[in-house]
Number of protein chains: 2
Amino acid sequence: MLDVSAMTDTNLTMSVAQLGARVGLRPDTIRYYERSGLIPPAPRTTGDHRRYGEDAVDRLRFIQGAQRLGLRLREIADLLAVRDTGNCPCEPAEQLLRHRIIEIDAELARLTALRADLVRMADALPGNGPPDPEPGKWCPPEMRR
Amino acid sequence: MLDVSAMTDTNLTMSVAQLGARVGLRPDTIRYYERSGLIPPAPRTTGDHRRYGEDAVDRLRFIQGAQRLGLRLREIADLLAVRDTGNCPCEPAEQLLRHRIIEIDAELARLTALRADLVRMADALPGNGPPDPEPGKWCPPEMRR
DNA sequence: CTTGACCTTAGAGTGCACTCCAAGGCCTAC
DNA sequence: GTAGGCCTTGGAGTGCACTCTAAGGTCAAG
């Protein structure tokens with residue numbers, strides 16, 4: 001078995017573009033996150049190019065998950081501070097975590113409800129069931145493309 | 001029992017601000033949604049004020065749920081077109097719905113994973129368990145406020 | 001050692017979803 | 001009938017999260 005020493009990945013093999021490709025982000029976005037304090041300044045090569053290890057992938061995935069919760073980057077930064085240091089610059093860490101967990105539960109409920117709506121809509125589609133829509137209802141304007 | 005006649009709510013009791021208060025949106029936002037084709041043009045009083053019934057609350061809640069999924073307003077409009085008319089101006093309705101349901105499932109998985117992360121972080125907090133963070137790690141800059 | 005793809009920076013630009021503004025009109029409680 | 005709060009419109013402004021640009025430097029395959 002490999003000895004993955006400590007918490008920081010010392011195998012710095014990825015460029016900023018390669019890291020981005022791993023998680024579906026552009027290099028610019030990753031540099032923007034660094035500027036914004038979401039990720040630590042990356043170690044550099046002698047020629048000043050950023051190098052990343054696997055741990056950066058985890059961090060970006062965490063950020064993406066938090067973003068899907070609807071958090072702003074500054075709020076995600078607070079969450080990452082808890083992850084990194086065990087406390088938060090603005091409020092008790094445990095309180096913050098509890099708060100966010102409750103939000104996730106609410107969000108899970110909302111999404112589950114939306115899912116049920118969509119399933120119901122799919123079932124009601126012509127070919128799948130009775131309730132054809134009545135004609136003459138308002139239709140959204142077709143200003144597409 | 002009350003006869004709630006047909007699909008369209010004929011009890012138009014709410015002003016745009018009252019409707020907004022019901023779902024946590026500002027009047028401007030609701031008018032913006034109307035302009036964007038997400039909600040049908042509201043019936044007006046003789047003095048040209050919008051009036052809404054309960055069905056508008058449902059529609060806005062649906063929009064809010066879809067937004068939490070990360071959909072753009074134009075994509076939500078397509079979903080609403082399916083809801084209203086049974087088909088979509090741009091792609092087969094059933095395909096669209098299946099696609100969105102799969103997205104929701106992926107999102108539920110992501111949020112569940114994030115929730116587990118946060119619970120783990122809460123458990124690791126000083127007072128709750130062993131793994132105190134080592135000092136000397138990078139801390140995000142405190143450029144708050 | 002060259003070549004071409006990728007990297008660096010600061011700063012400007014984009015797209016989305018609001019959010020506000022000004023000038024004027026409506027509605028309802030008194 | 002009138003006062004004050006809410007309504008109307010078109011258009012401008014805001015905040016966020018990117019996303020792009022220009023001018024130049026680095027990296028690694030051949």
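Proteins come first, then strands; the chains are lettered A, B, ... in the order of their sequence lines, and each starts at number 1.
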Checking all strands, does A:Arg31 fall into the base, sugar-phosphate, or nothing category for heavy-atom contacts under 4.0 angstrom?
-> base
5' priority, DNA chain C, between B:Gly47 and B:Gln67 [closest heavy atom] = B:Gln67
In terms of the nearest nucleotide of DNA chain C, which residue is placed more toward the 5' end: B:Leu71 or B:Thr46?
-> B:Leu71
Test: [X] and [Y] ion pair at under 4.0 Å:
{"X": "A:Glu34", "Y": "A:Arg31", "answer": "no"}
{"X": "B:Asp84", "Y": "B:Arg59", "answer": "yes"}
{"X": "A:Arg83", "Y": "A:Asp58", "answer": "no"}
{"X": "A:Glu54", "Y": "A:Arg22", "answer": "yes"}
{"X": "B:Arg120", "Y": "B:Asp117", "answer": "yes"}

Only residue of A:Arg51, A:Arg44, A:Arg50 satisfying salt bridge (charged side-chain N to carboxylate O under 4.0 Å, His left out) with A:Asp48 is A:Arg44
Take A:Arg72 and A:Arg51, find for each the nucleotide of DNA chain D with the closest heavy atom, and name the residue whose nucleotide sits nearer the 5' end.
-> A:Arg72
Taking only side-chain nitrogens and oxygens of A:Thr45, does any of them come within less than 4.0 Å of OP1 or OP2 of D:dC27?
-> yes
Using a cut-off of less than 4.0 Å, is there contact between a side-chain N or O of A:Arg50 and OP1 or OP2 of D:dT26?
-> no
For the side chain of B:Glu103 and the backbone of B:Leu69, is there at least one donor-acceptor N/O pair under 3.5 Å apart?
-> no
Using the heavy-atom set of chain A and a strict 4.0 Å cut-off, write down the first and last nucleotide of DNA chain C that makes it in, 5' to 3'.
-> C:dC7 to C:dT9
Got a second to check how far A:Leu73's CG is from A:Asp78's CG, nearest 0.5 Å?
-> 11.5 Å
Please tell me which of the listed nucleotides, D:dA28, D:dT8, D:dC6, lies nearest to the side chain of B:Ala17?
-> D:dC6
Please list residues of residues 20-28 of chain B whose heavy atoms come under 4.0 Å from any atom in DNA chain D, ordered by number; otherwise none.
-> none
Could you give the [atom1]-to-[atom2] distance, from [X] to [N], as a whole number of Å?
{"X": "B:Tyr32", "N": "D:dA12", "atom1": "OH", "atom2": "P", "answer": "16 Å"}
{"X": "B:Ile30", "N": "D:dT9", "atom1": "CD1", "atom2": "P", "answer": "13 Å"}
{"X": "A:Glu34", "N": "D:dC18", "atom1": "CD", "atom2": "P", "answer": "15 Å"}

Regarding B:His99 and B:Gln95, is there a side-chain donor-to-acceptor distance under 3.5 Å anywhere?
-> no
